[in-house]
There are 2 protein chains.
Amino acid sequence: MLEWLKEPEINFPDQLQYGGFEHGVCVGQIQAKAGLTQSTVSEYLSLLQRAGFVESKRVGQWTYYKRNEGAFEALSKLIQSNL
Amino acid sequence: MLEWLKEPEINFPDQLQYGGFEHGVCVGQIQAKAGLTQSTVSEYLSLLQRAGFVESKRVGQWTYYKRNEGAFEALSKLIQSNL
DNA sequence: CAAAGATATCGACTTTTCCCGATATACCAA
DNA sequence: TTGGTATATCGGGAAAAGTCGATATCTTTG
């Protein structure tokens with residue numbers, strides 16, 4: 001999922017019908033591509049958010065998720081310095 | 001354990017009695033510090049080795065483990081580029 | 001070769017993670 | 001306000017990971 005969200009326009013073309021890519025991609029799009037149930041994907045995304053790897057924004061009935069690039073940068077640096 | 005192995009001289013002073021630090025630290029030292037059973041530590045170290053994070057060298061009755069710094073560098077870069 | 005020490009492997013049990021269906025909540029539109 | 005759509009939460013079962021004791025393997029020493 002995190003790799004998919006690196007190139008939302010390529011991996012989630014149908015997202016255009018749901019408000020574009022400004023705030024990210026909504027759960028249903030990711031769920032369809034992942035082939036897992038709605039609840040699983042929802043839980044997973046909220047876990048990624050708690051971990052800081054994605055940001056979410058609720059707009060109307062949709063929740064958009066997009067990557068938080070800073071977290072990956074930080075993780076990369078953490079592995080370099082601490083681990 | 002991986003953090004401990006970053007500074008073997010500091011974290012495993014008794015290793016001096018078991019051939020020094022040239023090839024790393026032997027399982028018993030790590031086990032004592034970890035507070036887990038011998039089998040658990042042995043399995044864990046061999047897992048880390050299969051994953052590439054440590055290298056092992058058998059010398060006589062001892063097996064020495066040391067960090068493979070390249071693997072951490074590679075992981076850090078992988079997170080930057082692929083993830 | 002026998003005994004002892006260090007490490008590895010095996011089988012079982014416990015804990016955690018993964019994933020699901022069912023249900024709840026939030027929002028929109030008629 | 002009611003029904004439909006999107007997402008979130010909950011409880012439970014299945015799968016995986018973690019840990020252990022017992023035992024096997026390898027090595028050194030006598």
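Just so it is clear: chains get the letters A, B, ... in the order the sequence lines come, proteins before strands, and each one is counted from 1. Values in this document were obtained by computation on a predicted structure and should not be read as measured data.
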Distance (rounded to the nearest 0.5 Å) between L5(B) CG and Q29(B) CD: 11.0 Å
Length of the OH-P vector between Y44(B) and dA16(D), whole Å: 20 Å
Between P of dT7(C) and CH2 of W62(B), the distance in whole Å: 8 Å
E73(B) side-chain N/O to Q80(A) backbone N/O, donor-acceptor pair under 3.5 Å: no
Exercise answer: donor-acceptor pairs, residues 11-19 of chain B side-chain atoms, under 3.5 Å, sequence neighbours excluded:
from	atom 1	to	atom 2	distance (Å)
N11(B)	ND2	W4(B)	O	3.0
N11(B)	ND2	E7(B)	O	3.1
Q15(B)	OE1	C26(B)	N	3.2
Q15(B)	NE2	Y18(B)	O	3.4
Q15(B)	NE2	G20(B)	O	3.1

DNA chain C contacts among residues 10-24 of chain A, heavy-atom distance under 4.0 Å: none
Side chain R58(B), main chain G60(B), donor-acceptor under 3.5 Å: yes
Check: T40(B) side chain, L36(B) main-chain N or O, donor-acceptor pair, under 3.5 Å: no
Annotated protein contacts, base or backbone, on nucleotides 8-19 of chain C with a non-hydrogen cut-off under 4.0 Å, one of B, S, - each: BBB--------S
S39(A) versus S42(A), side-chain donor and acceptor atoms under 3.5 Å: no
K57(A) and T63(A), any side-chain heavy atoms less than 4.5 Å apart: no
Length of the line joining Q31(A):CD and dT7(D):P, which is rounded to integer Å: 9 Å
Between dA17(D) (C1') and L48(B) (CG): distance, integer Å: 14 Å
Row check, F72(A) ring normal vs R67(A) NZ/CZ: under 6.0 Å, within 45°: yes
